[in-house]
Amino acid sequence: MGKRVRETERKYEADTDAEQVGEPDLTGLPGVAEVRTLEPAELDAVYFDTADLRLAAHRTTLRRRTGGDDAGWHLKLPTSQADTRTEVHARLGKSAKKIPRRLAAEVAVLTRGRPLIPVVRLRNTRRRVHLLDAEGTALAEIAYDHVSAEPGPAWTETEVELLAGKPALLDAVEERLTAAGLRRSTSPSKLAHALGDRLAHAKKPPEPPATLDTAGDAVLAYLHEQVRAITAYDPAVRRDEEDSVHQMRVSTRRLRSALKSFRRELDRSATDPIGDELKWLAGVLGMERDREVLAERLVQRLSELPAEFATDAVAARLSGGPGSSHFEARETLLRELNGDRYFRLLDALDALLTAPPLLDAAKAPAPVALARAIRRDHRRLRRTIEPALALDPGQERDLALHEARKAAKRARYSSEAGEPVLGKPAAKHTQRMKGIQQLLGEHQDSVIAREAILRLAAEARADGEDTFPYGVLVQLERGLAADAEARLPKAWRKADRGKLAG
C-alpha cells in the first residue's frame, strides 16, 4: 500500500503583534553541532479531493508534487499524536491525474465512490537548512516557504520537521522562531490555508458529546467510538493487515448491539434499518474471518492426530477444505467494500451521529439509564442460557447455546458502553460476560468445525479415501465442546451473582 512514514512537523507564520520578523538564530541549539544550508527547491503540487472537500474536512491531504528530493504522490493522514501525521508515498507514474490505486484505497472510506479531482495547485519556492549533530546526522529540517495558490492567496511560512532528533528539539527551535517574530500557524496545512472559506463551509465530521451527563450523551459517545473504529479499520482491511478484518467486524457488531440495547433512548424507526445493514456488513466481513478461524482450528486438530492418521491426503483436504481460498474471499470482501451499499451505510452512520434520533428516555441521568440497560441485557442472557444448560447434549442444545452466545455478546457490549460512566462495577461485569461469551464461543466453534469435518469426510468417502481419521477429528472436537459445556454452569453461577446482574 505504499511506503508509510511518520512525519512530525510544526508550521509557523509571522506574528502580527511582533515589531519585526527576521531570520531566527539557530546556533547553539541543544545537540546541534552544525547548521547547514541546502540548495533551494521549486516545488509544484496539485492537491486532490472530492468536490465537497471530504478529505480536507477530515484533516487528510492528497497531492502530486514535482520538484525537490521527494517528488511523487503524498497522502497525509491525521494521527492522535500532536504535530504528527502518517505520510504514504507513491511514485509519480506517467499520468498527472491518475491517482495510484493504493492511495485511493486508503481514503475510500471517506470518498465513498465520489471522484477525486484537482482542487488547488500550490507553487512553492523553498529555502532549507538542516540541523546536524556531531556525526553529521540531520536532526531536523527548517524550510522557509514562499507559497502561491491557484486559485487562492500567496503567503510565507516556516516549517520545522523533526528528522532524527528528539521532540525537545522542536521546542528549542520554536523558542528561536518566536524570538524572531514568528508564531504557530493558524492553518494546520498549506492546503487548509489555500482553501480558506471553502474549507470553512465544508461538512465536518460529527463530534462526540463533550460530557456524559445524560443517557443520550453516554450512548452517543459509545456510538461515535464504534463508528470511528469501523472507519479506522477500513483502510487496514484494504491493506490486508493482520487481524484488521476481525477488529472491524467486532466494531460492527458492537455498534449493532448498542442500537438494540439502547432502544429506549434511540428511535427504532431510524436505527433498525441501520442495524439490518450492520448485520449485512458483519456477514461480509465474516466470510473472510470465519474462513480464517476455521482453517486455523482444523490445522490445530490435524496436529493432534496420531501420526498414522495424519496422512498427506487428510492434511491436503483439511488445509484446502473449508470455504473459499484467501484470495477469493478477499476479492469478494473488497468488491463489497467498494460498493454502493457499504458507502450508503457509512453515510447513514454519519447522519445518525449528526442528528441522533434521541427519545425522551435519553434525558435520564446516565448512571441510572446505563445500569438499567445492562441489567436488562443480563436478564435476557439469563432467560437464554439457563434453559439451554438444562437441555440434554445434542443438536437442540447446540442451537440453544448458540443463541445464548449472542445474548452474552450483547450483555458484554452494553456493559462496555457503561464503563465510562459506571466505572469498576461495569468493568468487572464486562469481564464476567466476556468469560461466558468465550466459553460459549469455544462450544460454537467446535460445532462449526465438526460440521466442516463431516463435509470433508463425505468428500473423502466419495473419492474412495479412508474416513476413519475424520471420525477421530470429530471425537476430538466433541471432547472440546463437552469440556466447555462442563465449565459453563459454574462460570454462569459466578457471573450471575455480580453487582450489575440484577
Side-chain angles (χ1 to χ4, degrees), residues 2-15 18 20-45 47 61 63-79 81-92 122-148 154-194:
K3 180 183 177 183
R4 305 176 72 84
V5 297
R6 300 278 275 186
E7 177 189 75
T8 300
E9 65 180 21
R10 296 176 183 176
K11 297 180 185 296
Y12 300 86
E13 59 189 7
D15 188 342
Q20 65 181 41
V21 178
E23 287 280 320
D25 177 12
L26 299 175
T27 60
L29 287 166
V32 176
E34 179 186 352
V35 179
R36 179 178 296 172
T37 300
L38 306 180
E39 289 293 323
E42 295 293 330
L43 310 177
D44 189 346
Y47 287 76
T61 61
R63 73 188 179 202
R64 183 184 188 274
R65 189 165 78 181
T66 56
D69 52 15
D70 66 342
W73 288 91
H74 304 151
L75 173 65
K76 297 191 177 186
L77 305 165
T79 71
Q81 186 177 348
D83 303 322
T84 299
R85 293 194 289 180
T86 297
E87 185 168 322
V88 189
H89 293 182
R91 289 182 294 182
L92 284 174
L122 297 183
R123 299 177 187 270
N124 180 14
T125 299
R126 168 168 286 183
R127 294 187 300 108
R128 298 181 297 161
V129 297
H130 274 182
L131 306 181
L132 310 179
D133 64 12
E135 286 73 39
T137 300
L139 302 177
E141 177 179 289
I142 302 176
Y144 304 99
D145 292 334
H146 295 265
V147 188
S148 60
W155 71 95
T156 62
E157 70 176 39
T158 300
E159 185 177 286
V160 183
E161 181 177 354
L162 196 65
L163 300 177
K166 302 289 186 182
L169 179 58
L170 288 178
D171 296 331
V173 172
E174 183 165 308
E175 290 181 5
R176 302 295 181 88
L177 296 178
T178 301
L182 298 175
R183 67 179 180 191
R184 287 281 195 108
S185 176
T186 56
S187 295
S189 66
K190 289 182 174 63
L191 176 63
H193 192 133

Closest contact, heavy atoms only, [X] versus [Y]:
{"X": "His74", "Y": "Asp70", "value": "NE2-O, 2.7 Å"}
{"X": "Pro24", "Y": "Tyr144", "value": "CG-OH, 3.4 Å"}
{"X": "Ala164", "Y": "Thr137", "value": "CB-CG2, 4.0 Å"}
{"X": "Leu132", "Y": "Ala138", "value": "CD2-CA, 3.5 Å"}
{"X": "Arg63", "Y": "Ala45", "value": "CD-CB, 4.2 Å"}
{"X": "Pro30", "Y": "Leu169", "value": "O-CD1, 4.0 Å"}

Can you tell me how far [atom2] of [Y] sits from [atom1] of [X], rounded to the nearest 0.5 angstrom?
{"X": "Ile142", "Y": "Glu9", "atom1": "CD1", "atom2": "CD", "answer": "12.5 Å"}
{"X": "Leu131", "Y": "Glu141", "atom1": "CG", "atom2": "CD", "answer": "9.5 Å"}
{"X": "Trp155", "Y": "Ser187", "atom1": "CH2", "atom2": "OG", "answer": "7.5 Å"}
{"X": "Thr178", "Y": "Arg183", "atom1": "OG1", "atom2": "CZ", "answer": "11.0 Å"}
{"X": "Leu38", "Y": "Arg127", "atom1": "CG", "atom2": "CZ", "answer": "11.5 Å"}
{"X": "Leu191", "Y": "Thr61", "atom1": "CG", "atom2": "OG1", "answer": "6.5 Å"}

Review point. Considering the options Thr79, Val160, Thr84, which one meets the side chain to side chain contact (heavy atoms under 4.5 Å, CB included) requirement together with Thr8?
Key: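 When side chain to side chain contact (heavy atoms under 4.5 Å, CB included) is applied between Thr8 and each of Thr79, Val160, Thr84, only Thr84 qualifies.
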Compare all side-chain heavy atoms of [X] with those of [Y] and state whether any distance is below 4.5 angstrom.
{"X": "Leu122", "Y": "His193", "value": "no"}
{"X": "Arg184", "Y": "Tyr12", "value": "yes"}
{"X": "Arg4", "Y": "Leu77", "value": "yes"}
{"X": "Lys190", "Y": "Asp145", "value": "yes"}
{"X": "Val32", "Y": "Leu26", "value": "no"}
{"X": "Leu163", "Y": "His130", "value": "yes"}

Check your understanding: Stepwise, does the side chain to side chain donor-acceptor pair (under 3.5 Å) test hold for Glu42 with Thr125?
Key -> CA-CA 5 Å; Glu42 295 293 330; Thr125 299; 3.0 Å; yes
Practice item. Return yes if some donor-acceptor pair links the side-chain N/O of Trp73 with the main-chain N/O of Leu92 below 3.5 Å, else return no. Key: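 Yes: the side chain of Trp73 pairs with the backbone of Leu92.
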**Study point:** Flag, side chain of Arg123 to backbone of Ser148, donor-acceptor distance under 3.5 Å
**Key:**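 No: the side chain of Arg123 does not pair with the backbone of Ser148.
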Review point. Salt-bridged, Asp171 to Arg10, with N to O below 4.0 Å?
Key: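 Arg10 and Asp171: salt-bridged.
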Review point. Would you call Lys11 and Glu13 a salt bridge, using N to O less than 4.0 angstrom?
Key: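 Result for this pair is no, no salt bridge flagged.
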Review point. Testing Glu159, Glu157, Glu39 for salt bridge (Lys or Arg N to Asp or Glu O under 4.0 Å) with Arg126, which one passes?
Key: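 Running salt bridge (Lys or Arg N to Asp or Glu O under 4.0 Å) over Glu159, Glu157, Glu39 with Arg126 returns exactly one hit, Glu159.
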Practice item. Could you walk me through whether Arg65 and Asp44 pass side chain to side chain contact (heavy atoms under 4.5 Å, CB included), step by step? Key: CA-CA 6 Å; Arg65 189 165 78 181; Asp44 189 346; 5.9 Å; no
